[in-house]
Amino acid sequence: MDVRDRFNERYPFGEHLGVEVTHVEEGYVEGRIELDDHHSLSESTRLAHGAVPFGLADSLSAAAIASVEGTPGPTLDVRIDYLRPATGDIFGAAEVVRYGSDTGVVEVELTDADDRRLATTRGVYKTNLVDGENPFVDS
């Protein structure tokens, strides 16, 4: 499976949110969201709702897991630390820092166009391979 194609062309929630995967290596993914009015917390200002950076981070984490095993695993737990409000495009880099037979851990750093940190996440994802097969995908 091509991770970039999967997440850019066959991921309805990502399309709805505006997630774009821009770079993929094994265990590492980069992507972004172009902030638009529909992402805003308020009608009077362009300020991203907290779910927007979270959605980008979780999506990039799933793509990072998929870059290791071929398919994304379900999210088990994510901690996010918001460091500053997102008022423009959001960029993210996700790295698999541990990959095991049952779970993987992914860290994400989200930044703005000026490379200021917006948020960081650390998530735990179910790794899907059981005896070399993914039980979440129909054969």
Side-chain angles (χ1 to χ4, degrees):
M1 174 191 75
D2 183 282
V3 172
R4 186 180 292 175
D5 288 347
R6 162 69 167 90
F7 281 85
N8 288 341
E9 297 172 13
R10 294 178 289 155
Y11 179 41
F13 178 74
E15 182 179 342
H16 174 75
L17 193 58
V19 173
E20 178 186 3
V21 173
T22 58
H23 179 82
V24 177
E25 296 175 25
E26 185 173 333
Y28 179 82
V29 171
E30 293 177 354
R32 70 185 190 145
I33 288 178
E34 290 183 25
L35 201 63
D36 200 353
D37 290 340
H38 71 273
H39 295 119
S40 286
L41 184 63
S42 152
E43 290 179 354
S44 61
T45 182
R46 186 172 284 187
L47 175 68
H49 184 283
V52 177
F54 182 88
L56 176 60
D58 192 44
S59 297
L60 294 179
S61 293
I65 290 289
S67 75
V68 174
E69 70 180 21
T71 57
T75 305
L76 299 176
D77 184 59
V78 177
R79 174 197 167 95
I80 186 166
D81 292 309
Y82 296 99
L83 305 172
R84 70 180 335 117
T87 58
D89 295 351
I90 305 169
F91 301 86
E95 182 176 8
V96 176
V97 296
R98 179 193 179 278
Y99 185 85
S101 60
D102 292 320
T103 61
V105 177
V106 182
E107 294 179 347
V108 179
E109 183 170 279
L110 300 176
T111 59
D112 64 14
D114 294 324
D115 208 29
R116 296 178 297 187
R117 289 181 2 161
L118 301 174
T120 59
T121 69
R122 182 177 183 93
V124 180
Y125 296 83
K126 176 73 177 102
T127 53
N128 294 321
L129 296 182
V130 177
D131 297 326
E133 295 186 20
N134 182 341
F136 295 95
V137 175
D138 294 331
S139 302

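Atom-to-atom distance recorded for Leu83:CG and Asp112:CG is 11.0 Å, nearest 0.5 angstrom. Rounding to the nearest 0.5 Å places CG of Asp2 at 8.0 Å from CZ of Arg10. With rounding to the nearest 0.5 Å, the separation of CD in Glu69 from OH in Tyr125 is 13.0 Å.
Taking the side chain as every heavy atom from C-beta outward, Tyr82 and Leu110 never approach each other to under 4.5 Å. Two residues are said to be in side-chain contact when any heavy atoms from C-beta on lie closer than 4.5 Å; Ile90 and Arg32 fail this criterion. Residues Pro72 and Phe7 form a side-chain contact, since some pair of their non-hydrogen atoms from C-beta on lies under 4.5 Å apart. With a 4.5 Å cut-off on side-chain heavy atoms, Thr120 and Glu107 do not count as touching. For the pair Val78/Phe54, a side-chain contact is recorded, criterion being any heavy-atom separation below 4.5 Å from C-beta on. Put simply, the side chain of Leu56 does not reach to within 4.5 Å of the side chain of Phe91, judged on heavy atoms. Counting heavy atoms from C-beta on, the side chains of Asp37 and Glu43 never come closer than 4.5 Å. At least one side-chain heavy atom of Arg98 sits less than 4.5 Å from a side-chain heavy atom of Thr103.
Looking only at distances, a side-chain donor or acceptor of Thr22 sits under 3.5 Å from a matching main-chain atom of Glu30. Formation of a donor-acceptor pair under 3.5 Å by the Ser67 side chain with backbone atoms of Gly27 is found in this model. Of the possible donor and acceptor atoms, none in the side chain of His38 sits under 3.5 Å from a partner among the backbone N and O of Leu17. Using a distance-only test at 3.5 Å, with no hydrogens or angles considered, no donor-acceptor pair links the side chain of Arg84 to the main chain of Arg116.
Linking ILVMFWY residues whenever their side-chain heavy atoms come closer than 4.5 Å, directly or via other members, places Ile80 and Val108 in the same cluster. Following chains of ILVMFWY side-chain contacts shorter than 4.5 Å, one cannot reach Leu41 starting from Leu118, and the two form parts of different hydrophobic clusters. Note on Tyr11 and Val21: same hydrophobic cluster, where clusters join Ile, Leu, Val, Met, Phe, Trp and Tyr whose side-chain heavy atoms are under 4.5 Å apart, directly or indirectly. By the rule that hydrophobic residues join a cluster once side-chain heavy atoms approach within less than 4.5 Å of another member, Phe13 and Leu76 end up as members of separate clusters. Criterion: ILVMFWY side-chain heavy atoms under 4.5 Å apart, direct or through other members. Under it, Val124 and Val68 are not part of a common hydrophobic cluster.
Taking a cutoff of 4.0 Å between a charged side-chain nitrogen and a carboxylate oxygen, Asp81 and Arg79 qualify as a salt bridge. Between Arg46 and Asp36 there is a salt bridge, since a side-chain N of the basic residue sits under 4.0 Å from a carboxylate O of the acidic one.
In terms of heavy atoms, Pro53 sits closest to Ala48 at CD-CB, 4.4 Å. Between Val106 and Ala64 the shortest heavy-atom distance is CG1-CB, 4.3 Å. Residues His39 and Ile33 share a closest heavy-atom pair of CE1-CG2, 3.8 Å. Shown here for Ala93 and Leu60, the closest heavy-atom pair between the two residues is N-CD1, 4.3 Å. Between Ser40 and Thr45, the closest heavy-atom pair is OG-O, 3.4 Å. Scanning all heavy atoms of the two residues, the minimum distance from Leu35 to Ala86 falls at CD2-O, 3.8 Å.
The aromatic rings of Tyr28 and His23 sit perpendicular to each other, their planes meeting at more than 60°, with 30° as the lower class boundary.
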